[in-house]
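Every number for a ligand or one of its atoms is a count from 1 in the order of the listing. These values consider heavy atoms only, across backbone and side chains, with no hydrogens, waters or symmetry-generated copies. Heads up: numbering here begins at 1 and tracks the sequence. For clarity, every value in this text was computed on a predicted model and none was experimentally measured.
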Amino acid sequence: MARIGYFGPQGTFTEQAVRRLADPESDEFVPFGTIPAVVAAVRAGEVERGCVPVENSVEGAVPATMDALALGEPVVAVAEHVLQVQFTLLARPGTGLDEIRTVASHPHALAQVREWLETNLPKATAIATGSTAAAAKEVLAGAFDAAVSAPVAALHYPLTELVTGLGDVKDAKTRFLLLAKPGNVPAPTGADRTSLVAVTPNEVGALSDVLHELALRKINLTRLEARPTRELFGTYRFYLDVEGHVAEQRIGDALAALHRRCIEVRFLGSYPRTDKEPTVVGSPTTDADFEAAGEWLAAIRRGESA
Ligand SMILES: O=C(O)C(=O)Cc1ccccc1
């Protein structure tokens, strides 16, 4: 049995994701009220793994997760899960839609129902809470009139579902990561993703050089984000997700090249992709190509070949 932390309280989307990433039969799920608290618990060894949202298809990156990955003691992703998200409007029993003056939720959820709120509840004020489930809890306590929550929140809190299937964008998705202490690298599956964060020197072409190192090795980039370093204004950390696993030669070779080029590179994990889409690796960057080239060079250096 493992203790698995997640961004809670009970009834968040992250709880839904963690139930897919770990075993609800044998693992113990431990809720934490904030994303940094989940990551701190992983670092402290208080939990073996921790589940947090990292990005969604409408609002983009989840800043608290991005910062926790890049700063402080390193943690790595060991798994990901992509969840389809739609929302439910919850209120205390007896509350009518026309009585709602305050609507609470996580900022990412509010951003995904903004148009619906403007059209259907134009008089209501949107209030940010720690999570979608925290909003439901606060509605129950009487602090706000309604919460924009995950559908599962209705199972945990005795509130009425006023509207279900809410969301300005159909098919909105959120990606979650399962984090662990460094040293936990899952075996390659052939359908893996590698995440890293790099700080480039302030030079002409520095980011282009980083991307070039990937392109040279036929490594497909699946995500690129920039966040301020928090040190010098105008300097950024680049977050890169690529197809492949650090155990593969071309990925290892590219990471080593970035380490030579960048001020700082942090490995954020190699883990299986939710969609199980296999990475197609062709000549001349297969492991066999790298091995053959390495043997050829070693023979030259031994004076056995030319
Ligand atoms: O607050 C939650 O339920 C979360 O897990 C974060 C979140 C918020 C909005 C969409 C997806 C995940």
Does any non-hydrogen side-chain atom of His245 lie less than 4.5 Å from one of Val185?
yes
How far is atom 6 (C) of ligand 1 from its nearest protein heavy atom, and which residue and atom is that?
Phe7 CE2, 3.8 Å
Less than 4.5 Å apart, side chain to side chain, heavy atoms only: is that true for Phe238 and Leu207?
yes
Minimum distance, heavy atoms only, to atom 11 (C) of ligand 1: which one of Thr12, Thr174, Val58, Val18 is it?
Thr174
For the 3.5 Å polar cut-off, considering only N or O atoms, please tell me whether His108 and ligand 1 meet it.
no
From Pro53, Ala109, Ala172 - option closest to atom 9 (C) of ligand 1 by heavy atom:
Ala109
Which heavy atom of the protein is the closest neighbour of atom 2 (C) of ligand 1, given with residue, atom name and distance?
Thr132 OG1, 3.1 Å
Atom 7 (C) of ligand 1: the protein heavy-atom neighbour that sits closest, reported with distance to 0.1 Å
Phe13 CD1, 4.2 Å
protein heavy-atom neighbour closest to atom 8 (C) of ligand 1 works out as His106 ND1, 3.7 Å
Any side-chain heavy-atom pair of Val169 and Gln112 under 4.5 Å
no
I'd like to know if Arg230 and Asp67 make a salt bridge, using a cut-off of under 4.0 Å between side-chain N and carboxylate O.
yes
Validation row: Phe32, Val47 side chains within 4.5 angstrom (heavy atoms)
yes
Residues in side chain to side chain contact (heavy atoms under 4.5 Å, CB included) contact with Asp168, at least two apart in sequence or another chain:
Arg114, Glu115, Trp116
Which ligand 1 atoms, with their elements, are less than 4.0 angstrom from a heavy-atom of Thr14?
4 (C), 5 (O)
Ligand 1 and Phe176, any nitrogen or oxygen pair closer than 3.5 angstrom?
no
Please output the side-chain donor-acceptor pairs of residues 268-282 that fall under 3.5 Å, not counting sequence neighbours, one pair per line with the distance.
unit_1: Ser270; atom_1: OG; unit_2: Thr194; atom_2: OG1; d: 2.7
unit_1: Ser270; atom_1: OG; unit_2: Val246; atom_2: N; d: 2.9
unit_1: Tyr271; atom_1: OH; unit_2: Arg175; atom_2: NH1; d: 3.4
unit_1: Tyr271; atom_1: OH; unit_2: Ser195; atom_2: OG; d: 2.7
unit_1: Arg273; atom_1: NE; unit_2: Asp275; atom_2: OD1; d: 3.0
unit_1: Arg273; atom_1: NH1; unit_2: Glu243; atom_2: OE2; d: 3.1
unit_1: Arg273; atom_1: NH2; unit_2: Asp275; atom_2: OD2; d: 2.9
unit_1: Thr274; atom_1: OG1; unit_2: Glu80; atom_2: O; d: 3.4
unit_1: Thr274; atom_1: OG1; unit_2: Glu80; atom_2: OE2; d: 3.3
unit_1: Thr274; atom_1: OG1; unit_2: Val82; atom_2: N; d: 3.4
unit_1: Asp275; atom_1: OD1; unit_2: Glu277; atom_2: N; d: 3.0

A student checking ligand 1 against Ser131 at a 4.0 Å heavy-atom cut-off should list atoms 1 (O)
